[in-house]
Amino acid sequence: GNLGEFKPQDLSNILWAFAKSKESHPRLFEKVADHIVDHGNLGEFKPQELSNTVWAFVKAEESDTRIFRKVASHIVALDNLHSFHPQALSNTVWA
């Protein structure tokens with residue numbers, strides 16, 4: 001299947017659910033990481049979706065430095081800090 005069929009919120013919610021339930025599925029996290037890293041522009045992702053996604057990677061202990069670099073570069077390059085709610089920014093930085 002193609003992950004492009006999923007909306008950013010769908011992916012974020014799926015990862016969040018796996019992380020929250022402590023259900024391990026490394027291949028799922030790897031596939032989503034590949035999709036996000038290969039995705040040209042993260043502008044489709046709302047700040048909360050980015051925050052939840054990186055939080056899920058950390059919480060699930062599925063660390064992938066590529067995704068953290070991609071999200072950080074996106075935030076810095078687009079000067080998106082103004083669009084982040086304080087909690088979303090806090091969660092992203094924590095992750």
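Computed from a predicted model, the values in this text were never measured in an experiment. We're numbering straight along the sequence, starting at 1.
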- Task: Taking atom CZ of Arg69 as the centre, report whether more than 12 heavy atoms of other residues, nucleotides or ligands fall under 6.0 Å from it.
- Result: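 Not buried by this count: 12 neighbours or fewer within 6.0 Å.
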
- Task: Might you confirm whether atom CD of Glu30 has over 12 heavy atoms from other residues, nucleotides or ligands at distances under 6.0 Å?
- Result: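 Correct, the count exceeds 12.
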
So which heavy atom on [X] is nearest to which on [Y], and how close?
{"X": "Phe29", "Y": "Ala19", "value": "CZ-N, 4.5 Å"}
{"X": "Leu11", "Y": "His35", "value": "CD1-CD2, 3.6 Å"}
{"X": "Val37", "Y": "Lys70", "value": "O-NZ, 3.2 Å"}

- Task: For side-chain contact (heavy atoms from CB on, under 4.5 Å), just list the numbers for Leu15 and Leu28, CA-CA rounded to whole Å, side-chain angles, deciding distance to a tenth of an Å, and then say yes or no.
- Result: CA-CA 8 Å; Leu15 294 181; Leu28 170 68; 4.3 Å; yes

- Side-chain heavy atoms of Val32 within contact of Ile67, under 4.5 Å: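 With C-beta onward as the side chain, the pair stays apart.
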
- Message: Contact between Phe68 and Ser63 at the side-chain level, heavy atoms closer than 4.5 Å - yes or no?
- Response: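 When only atoms from C-beta onward are counted, Ser63 and Phe68 do touch, with a gap below 4.5 Å.
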
Give, for atom [atom1] of [X] and atom [atom2] of [Y], the distance between the pair rounded to the nearest 0.5 Å.
{"X": "Ile14", "Y": "Gln9", "atom1": "CD1", "atom2": "CD", "value": "10.5 Å"}
{"X": "Glu62", "Y": "Ser24", "atom1": "CD", "atom2": "OG", "value": "5.5 Å"}
{"X": "Leu50", "Y": "Glu44", "atom1": "CG", "atom2": "CD", "value": "11.0 Å"}
{"X": "Ile36", "Y": "Thr53", "atom1": "CD1", "atom2": "OG1", "value": "5.0 Å"}

- Query: Got a donor-acceptor contact below 3.5 angstrom from the Ser21 side chain to the Ala17 backbone?
  - Reply: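 Yes, because the side chain of Ser21 sits within donor-acceptor range (under 3.5 Å) of the backbone of Ala17.
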
- Query: Under 3.5 Å, side chain of Asp34 to main-chain N/O of Lys31, donor-acceptor pair present?
  - Reply: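 Checked: no pair found.
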
- Task: Kindly indicate, with the supporting measurements, whether the criterion side-chain contact (heavy atoms from CB on, under 4.5 Å) is fulfilled by Glu49 and Asn52.
- Result: CA-CA 5 Å; Glu49 295 161 354; Asn52 289 351; 5.9 Å; no

